[in-house]
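What you see is a predicted model, and the numbers here were worked out from it, not measured in a lab.
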Amino acid sequence: MQSKNNKNSISFDQFKEEILEDYRVAFTSRECSIIGRREVLTGKASFGIFGDGKELPQIAMAKFFKKGDFRSGYYRDQTFMLSLNEVTPKQFFAGLYAHTDINYDPMSAGRQMGSSFSTHSLDVDYNWVNLNNQYNSSADLSPTGSQMPRLLGLAQASKIYKEIKISDSEKFTKNGNEIAWGTIGDAATSEGHFFESINAAGVMQIPMVISIWDDNYGISVPAEYQTTKGDISEVLKGFKRDKNSNGFEIFKVKGWDYVELMKTYEKAEEICRNEHIPVIIHVNELTQPLGHSTSGSHERYKSEERLNWERDYDCIKKMREWILENKIVKSKDLDKIESDSKNSVSESKIEAKRNSVNETINNISELNTIIKENINSSNTDISAILDKLNKIKEPYKSDLFSSANKIIRLLMLEKNSESNLLKEWLGKLHMKTQYDYSSHLYSESKYNPSNIPAVNPIYDENSEMVDGRIVLRENFRKILENHDNVVIFGQDSGKIGGVNQGLEGLQDIFGESRVFDTGIREATIIGQGIGLSLRGLRPIAEIQYLDYLLYSIQILSDDLATLHYRTRGKQKAPLIVRTRGHRLEGIWHSGSPMGGMINLLRGIYLLVPRNMTIAAGFYNALLKGDQPAIVVECLNGYRSKEKIPNNIGEFTVQIGRVEKIKTGSDITVVSYGSTLKIVEKAAAELDKFNISCEIIDCQSLIPFDLDNNIRESIKKTNRVIIIDEDFSGGASAYILDNLINKQNIYDYLDSKPHTLSAQDHRPAYGTDGDYFSKPSVDEVFNKIYSIMNELNPEKYPI
Ligand SMILES: Cc1ncc(C[n+]2csc(CCOP(=O)(O)OP(=O)(O)O)c2C)c(N)n1
């Protein structure tokens, strides 16, 4: 055995020590699973899923995992995390009890179900810590297979760091020597993300080792229903490298065979780290002694024969047998390790539970004091509620809040003004507690790009009018010059410089490591971006058309949008996604599904520039910040003429701010993106009828009008219409919701607020398909005219 802990040759005593330590970790981990399951089944925690049966391969993986490396795995990896001391049993239980203090549950501060692991990449000021000095784990997520796309980026970062010198990269890499280690269950390999990622890794030849933990089941469904031939490494054989072609090294090893596991991981690490060859390790013959999760028992679907086999081939049992057969120690020595582990896990559990309820117990005692000392009521219901609350040994916060609210309501009914004191106390506590559940959806750092002030584009008499795509291209050129950690990639982005030529010629100047093509694989393009940004690079990932963002919406929604939130601000992936949409031609090249994006992607900024100068200003601002964002360029804007600014690459547009693009007095027209051109033309027609529109470009849907400037306009016009080319109830409903609930426009309206969106079908093809599917100048004119007619039929007759 030659692991990172060992020199080339070690003494028998050291060898024995290491084996016993491995046994201790494996046993401790198993005990955590057993006790954790019991806690859930006795109602002390909500749900549990554990790593029992997968202990040995994870110990092997941990041996060859080095500081600076990254894991992208799933909920079974507790033994791996315990091995590296990246999670302690006490922290493991704090996660199970959803402790909201990050110091107790460092994985997610109670936001993710237990066994969702992560490490801290950021310090308290949201600056990067030195990732080379620690074992790194990107934050787990529950949707099966979703750890795969970002694994690509985590691995590709090493390749990029190896290929090019990047300034200030000491915190992220040592010459690109780091491996990205993936783990996945056998059944989850049925997901498309798995195959898409494997194919891409084979093409890119990047340093990742993927372990497939194969226990032959995905909950109740056996391998024969999941995988062709019932055997994933058989299926993957076509990906195996040979003398004449690139590909993977593939190993298959039994999950209970301690010695073979060590040998396999040793080989895998060597090939992967030294040669940058991706490796797949299919670890089969694993078991699940406690069943899939606390939701049910595996006796319902496994045969007696299989259950007996699982008992015999339990990897810890097998390791024990191997130690005894090889006379490494006596059975009493192992018994002692076992009983010590049991005691220490039990103590950890008790302490974690106590810590998780302490604050609530203190708050309950404060509630008692407030009531006793300040509230004069003979209502026996109040004392009954208090008594009941005081009797709960391990109270939830919601027990305290609902009891206090009930008491407040009783006091209100008896018109007891002393309820105000209690309301004030509870209000403050609620605010503080709510933060524990709602913080860090967006960057809370000083680098949040919405704090970055605008730097206006500068023009002079020599400023040229050029195609919009030239503004973008020149801006990207400056970006690549100014930021050596920026990489731009996507389908057709490299050699030809993008289908709309916004990157034309940039690969020739900056090389294939910085501007490159990918396969047609939107989910993993986004995953690549997430992984690269987790390792300190600033990727700009291109999705060729907005309509195809749907392929990646799951990863954007489940991974990118939740990453900062689910780590309570301890990881960030400031990925910039560049795409193009809105008006063009037909069902799949004119989409504007903003409502869908707004609903699914909270956590990501959504920017909708009306021209390429504003788009460029957004890119420049985003690169100064640390917030992931999607920029939707207007498909019909690449050939429209714009003046090219002198300070290209330097000017910024402040995010979350609207722009008034026409002053008017009769009605405020709120719109964004391509629709604005239609709105401007309609407004010119309406002017002829003495109807004066004030047009406001939202520019940024998330965040939305942070200065409440639309309200200021409505105060003047007392009327509003929101126009876009999304479906009805999409972004227009979101904007209206903001105006009503956040900007309180109700008081300033003299007419009902209106929305005008596209038809609810996808846009039909061709010029007439557009006319009859999306708002046209005529439709906008008619709609606004009818609003004015309703107001003053004599002045605006129909
Ligand atoms: C996309 C998605 N579909 C369904 C589930 C529910 N689910 C959770 S675990 C699981 C089975 C996973 O089996 P496998 O990949 O073999 O991993 P194991 O749990 O056996 O280690 C399923 C279906 C999920 N989490 N995500």
Side-chain angles (χ1 to χ4, degrees), residues 26 28-37 39-41 45-59 61-62 70-84 86-89 91-99 105-119 136-151 181-191 193-194 210-221 226 255 283 286-296 298 315 554-555 558-559 562-563 566-567 571:
T28 301
S29 176
R30 178 66 61 86
E31 195 58 18
C32 286
S33 304
I34 294 169
I35 302 281
R37 181 176 169 82
E39 287 297 279
V40 174
L41 297 183
S46 300
F47 171 77
I49 192 154
F50 304 104
D52 48 290
K54 319 279 186 293
E55 291 88 353
L56 290 202
Q58 292 181 24
I59 284 172
M61 175 170 138
F70 256 90
R71 163 187 170 275
S72 183
Y74 78 118
Y75 49 79
R76 295 286 180 214
D77 292 345
Q78 72 197 48
T79 318
F80 170 79
M81 296 300 284
L82 287 164
S83 281
L84 294 177
E86 281 304 319
V87 70
T88 64
Q91 292 168 336
F92 176 80
F93 284 106
L96 191 67
Y97 300 135
H99 197 150
D105 170 13
M107 297 165 277
S108 77
R111 290 179 178 189
Q112 289 225 74
M113 71 175 191
S115 301
S116 302
F117 303 104
S118 70
T119 50
N136 300 289
S137 181
S138 52
D140 289 359
L141 66 177
S142 288
T144 47
S146 298
Q147 67 275 42
M148 292 298 300
R150 66 163 182 252
L151 179 62
W181 302 75
T183 68
I184 187 164
D186 57 299
T189 63
S190 308
E191 293 282 9
H193 285 342
F194 175 79
I210 303 149
S211 297
I212 301 166
W213 307 145
D214 184 356
D215 57 17
N216 203 50
Y217 285 88
I219 309 187
S220 65
V221 183
Q226 299 277 5
V283 183
L286 283 168
T287 69
Q288 213 168 63
L290 301 173
H292 173 79
S293 71
T294 50
S295 301
H298 57 160
C315 63
Q554 184 270 328
I555 282 298
D558 288 330
D559 198 355
T562 67
L563 180 81
R566 72 184 196 269
T567 56
Q571 289 187 6

*Just by modelled atom types, is the G53 backbone N or O under 3.5 Å from a matching donor or acceptor in the E55 side chain?*
yes

*Rounded to the nearest 0.5 Å, what's the gap from CE on M113 to OH on Y75? Could you check?*
7.0 Å

*Which heavy-atom pair separates P57 from L286 by the least distance, and what is that distance?*
CG-CD2, 3.9 Å

*asked:* With a 4.0 Å cut-off on N to O distance, would you call D559 and R566 a salt bridge?
replied: yes

*Out of curiosity, R150 CZ to F70 CZ, how far, rounded to the nearest 0.5 Å?*
9.5 Å

*What are the two closest non-hydrogen atoms of F194 and A188, and how far apart are they?*
CB-O, 4.2 Å

*Would you mind telling me which of T287, D77, D215, T183 makes a side-chain hydrogen bond (donor to acceptor under 3.5 Å, both in side chains) with K54?*
D215

_Nearest heavy-atom neighbours spanning S118 and M107_ = OG-O, 2.6 Å

*Heavy-atom side-chain contact between V40 and R37 under 4.5 Å*: no

*asked:* When you compare the side chain of F93 with that of C32, does any pair of heavy atoms fall below 4.5 Å?
replied: yes

*Counting only N and O atoms by type, is there a donor-acceptor contact under 3.5 Å from the side chain of Q226 to the main-chain atoms of S190?*
no

*Might you point out which heavy atoms bring P89 and T28 nearest each other, and give the distance in Å?*
CG-CG2, 4.0 Å

*Write down the atom of E191, the atom of T144, and the distance for their closest heavy-atom approach.*
OE2-OG1, 2.8 Å

*Look only at the side chain of T79 and the backbone of S29, and say whether a donor-acceptor pair between them is shorter than 3.5 Å.*
no

*Ionic contact status for R76 with D140, cut-off 4.0 Å*: no

*Just jot down the side chain to side chain donor-acceptor pair (under 3.5 Å) partners of T119, sequence neighbours excluded, or say none.*
none

*Taking atom OG1 of T567 and atom CZ of R111, what is their separation to the nearest 0.5 Å?*
8.5 Å

*Separation of L84 CG from I59 CD1 (nearest 0.5 Å)*: 10.5 Å

_Going by the rule ring-ring contact (aromatic ring centres under 6.0 Å, His included), which residues pair with H193 if we only count those two or more places apart in sequence or in a different chain?_
none

*Given side chain to side chain donor-acceptor pair (under 3.5 Å), test S138 with Q571 step by step and report yes or no.*
CA-CA 8 Å; S138 52; Q571 289 187 6; 5.7 Å; no

*Working to the nearest 0.5 Å, report the span between OH of Y74 and CG of L141.*
13.5 Å

*Without swapping roles, check the side chain of S146 against the backbone of S142 for a donor-acceptor pair under 3.5 Å.*
no

*What's the verdict on side chain to side chain contact (heavy atoms under 4.5 Å, CB included) for Q58 and L82, showing C-alpha distance, side-chain angles and the deciding distance?*
CA-CA 10 Å; Q58 292 181 24; L82 287 164; over 6 Å; no

*Describe, in one word, how the ring planes of F50 and F92 are oriented to each other, choosing from parallel (under 30°), tilted (30 to 60°) and perpendicular (over 60°).*
tilted

*Between S72 (side chain) and Q147 (backbone), is there a donor-acceptor pair under 3.5 Å?*
yes

*Output the distance between atom CE (M61) and atom OG (S83), rounded to the nearest 0.5 Å.*
10.0 Å

*Would you check, one step at a time, whether the test side chain to side chain contact (heavy atoms under 4.5 Å, CB included) holds for F80 with F117?*
CA-CA 10 Å; F80 170 79; F117 303 104; over 6 Å; no

*Sidechain-backbone polar pair: D52 side chain, L290 backbone, donor-acceptor under 3.5 Å*: yes

*asked:* Go through it in stages, so that I can follow the logic: the residues are I212 and T189, the test is side chain to side chain contact (heavy atoms under 4.5 Å, CB included), and I'd like the CA-CA distance, side-chain angles, deciding distance and then a yes or no.
replied: CA-CA 8 Å; I212 301 166; T189 63; 4.1 Å; yes

_For the student: nearest non-hydrogen atoms of S137 and R71, plus distance_ = OG-NH1, 2.7 Å

